[in-house]
Amino acid sequence: MEEILEVLENNSRLNCEEIAVMLGKSVEEVKDAIKKLEDEGVIVGYNTLINWEKTDREMVTALIEVKVTPQRGEGFDKVADRIYRFPEVKACYLMSGGFDLTVIVEGKSLKEVASFVAEKLAPLESVLSTSTHFVLKRYKDDGVIFEKKEKDDREAIVL
Amino acid sequence: MNMNDMISPTVKNIPPSGIRKYFDLLNEMKDAISLSVGEPDFVTPWNIREAGIYSLEKGQTHYSSNAGLIELRSEIARYMEYRFGLKYNPREEILVTVGASEAIDLALRSLIIPGDEVIIPEPSFVAYKGCALLAGAVPVVIELQAKDQFRLTPEALEKAITEKTKVVIIPFPNNPTGAIMTKKDIEGIVEVLKNKDIVVISDEIYAELTYEGEHVSIASYPEMKEKTLVINGFSKAYAMTGWRIGYACGHPCLIDNMKKIHQYAIMCAPTNAQHAAIEALRNSYDDVSMMVREYNRRRRLMVDGFRKAGLDCFEPLGAFYVFPCIASTGLSSDEFCEKLLMEEKVLVVPGTAFGNCGAGFVRATYASSVENIIEAMKRIKRFVDRHRGLHI
Ligand SMILES: Cc1ncc(COP(=O)(O)O)c(C=O)c1O
């Protein structure tokens, strides 16, 4: 049932009947498989990918490199937990290399993100340093190219 | 001078394509869904496009050798062996052409003495008959039957063979029916042909696009290897239709003679596209399997859609076409397509475009997005519900 994931990853709006037909399975089988994948935390959500730049909503995104001191017995997980619970944090990854955590933060303005870093993130006890990079333009997200024209411009041909 | 009198009767007598008129209508229509074009909707995978760009950057803008870049021919040889168990010497037995289309033309022109018969199973790709006629051959059509799942049977083949038969075309996986030939089916054909002096042109351009079991090439039977010309290409499996790269593999004597025509008419296949094709063979296997899985899902969706609309639809196991029978609507293939386009803005192609025995069928391609297919199937169901009973 790996293939269900491939189908849903590309289009989470398909219903169980459609997926069942596409995979040559029964609707019951598909429902069960999806439930199982949800229960196991393989499928963790059904989101819509939005290009906010095309809307009126003001939004800025920053990628913040964070150095932290790991805590005894807890490693990095405890610090990460303190950080990713803030709703401003859209993503948080543990990294190999020169710093420890990548934190992706969204806010309405530069000021809002800056104050999040200054007031919430940097003062955390185990945070040693932060380095904030603002996103200027989003070309591709989650495998989707934003500016791509989706028009089918194939010409008719006799074959 | 009347130019029309100057045109060769052979060319003049080739009928214009029956589907042109729909395309003209389609072009004027907004939000029409076209399930009519026989090519992938996928864009060529980026690594292949990038290899093409890189080759231009490097200034690889010259002719290649007539037979094609030896590097590409070697990759083709490797591919044919590991994929289908077919061994060809890249220097003598492989010719790179401008699409499989050119290979079909070259093969027929190299083989046909005017009056020779070419056996063409139909419904099938429109070029076989056209090229056969242009080469001066007499096309002998075998009408494939829905009851045989549009496969070629040994009996039908046996019946079509005469002393004048020079060539048999084996067009599987098939455009427009989506039919394939299993190992067992091929074996039946081998039995008929193995002791005959008849050349087989096996058009295997859809070989990668099969959905149950692996494609079997007739050339993989030792009795058939010498007399079979295998034609394949990059258009379908790698979504490279516009690059125009195909190839033919077969007996060195046939390849050599085909190469003579090729070198006068074409010189060589586009060099840039040949470099891209090398990348396709080396590094695109995952992309091909991804596309095949996606086609398979769309295939099931479309077959299910036609069946839910109440149309008989045999299960196509190859290529990217569905070939439902529309006779139960009381409409002819042509009427069905025209009314469907005008009333529901969905374009499919009448089966008759692929031979007279396509009457009562239409071809729809699932090389279109899932959303398009779902919407088109809704419209087709509405259309069939409305017309059923109206015309009988
Ligand atoms: C059966 C068959 N053979 C050959 C071709 C031509 O392919 P190419 O683009 O390689 O010329 C097509 C294209 O539609 C086809 O359907």
Side-chain angles (χ1 to χ4, degrees), chain A residues 1-38 42-43 46-51 54 137-159, chain B residues 16-27 32-34 36-41 43 46 99-101 125-127 130 175-176 211-212 235 241-242 290 293-305 307-308 315 347 349 353-354 363 365-374 377:
Chain A
M1 287 271 124
E2 261 303 285
E3 210 179 343
I4 285 185
L5 296 175
E6 187 171 274
V7 172
L8 283 175
E9 191 179 20
N10 291 324
N11 187 348
S12 58
R13 295 177 66 188
L14 292 168
N15 60 41
C16 289
E17 285 75 24
E18 288 160 343
I19 296 172
V21 171
M22 287 169 78
L23 300 183
K25 306 276 179 202
S26 72
V27 178
E28 290 313 310
E29 283 174 301
V30 169
K31 278 190 179 147
D32 290 349
I34 291 179
K35 171 133 201 322
K36 186 151 172 272
L37 289 164
E38 287 170 351
V42 177
I43 294 176
Y46 300 87
N47 292 330
T48 305
L49 193 59
I50 296 168
N51 184 358
K54 290 227 158 150
K137 183 168 179 180
R138 223 177 263 251
Y139 295 103
K140 183 175 180 181
D141 230 345
D142 271 345
V144 178
I145 297 171
F146 280 2
E147 289 300 324
K148 196 169 61 176
K149 70 169 186 356
E150 281 291 357
K151 209 174 127 279
D152 184 348
D153 56 4
R154 290 180 287 163
E155 294 189 345
I157 180 168
V158 179
L159 41 69
Chain B
S17 156
I19 36 187
R20 260 264 95 86
K21 60 174 184 202
Y22 299 112
F23 294 149
D24 296 339
L25 288 172
L26 181 73
N27 284 339
I33 300 176
S34 171
S36 64
V37 188
E39 66 171 335
D41 60 319
V43 180
W46 176 249
S101 303
F125 182 44
V126 289
N175 168 14
Y211 308 105
E212 238 169 58
S235 288
T241 45
M290 183 279 290
R293 286 198 304 278
E294 177 69 22
Y295 285 138
N296 195 9
R297 297 191 288 260
R298 298 171 180 186
R299 176 183 74 94
R300 294 194 185 107
L301 205 53
M302 190 176 265
V303 170
D304 180 74
R307 288 183 180 160
K308 282 194 179 130
E315 173 130 16
L347 181 57
V349 180
F354 307 94
R363 183 192 81 174
T365 170
Y366 46 89
S368 189
S369 70
V370 166
E371 292 75 17
N372 272 351
I373 294 173
I374 290 176
M377 289 299 131

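Letters A, B, ... mirror the listed sequences (proteins, then strands); counts begin at 1.
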With sequence neighbours left out, which residue pairs that include part of residues 294-303 of chain B fulfil the salt bridge (Lys or Arg N to Asp or Glu O under 4.0 Å) condition?
A:E3-B:R297, A:E6-B:R297, B:D41-B:R298, B:E294-B:R297, B:E294-B:R298, B:R299-B:E315

B:V370 versus chain A, the contacting section by heavy-atom distance below 4.5 Å:
side chain

Cut-off 4.5 Å, heavy atoms of chain A, and the answer for B:L347 is neither

Residue-level interface, residues 9-18 of chain A with chain B, non-hydrogen cut-off under 4.5 Å:
A:N11, A:L14, A:E18

Residue of the set B:L301, B:I373, B:D304 for which side-chain contact (heavy atoms from CB on, under 4.5 Å) holds with A:M22
B:L301

Output all residues satisfying salt bridge (charged side-chain N to carboxylate O under 4.0 Å, His left out) with A:K36, sequence neighbours left out; order by chain, then residue number.
A:E40

Please check if the number of heavy atoms outside A:Y139 that lie under 6.0 Å from its OH is greater than 12.
no

For B:L25, enumerate each residue passing the side chain to side chain contact (heavy atoms under 4.5 Å, CB included) test, keeping only those at least two apart in sequence or located in another chain.
B:L341, B:M342

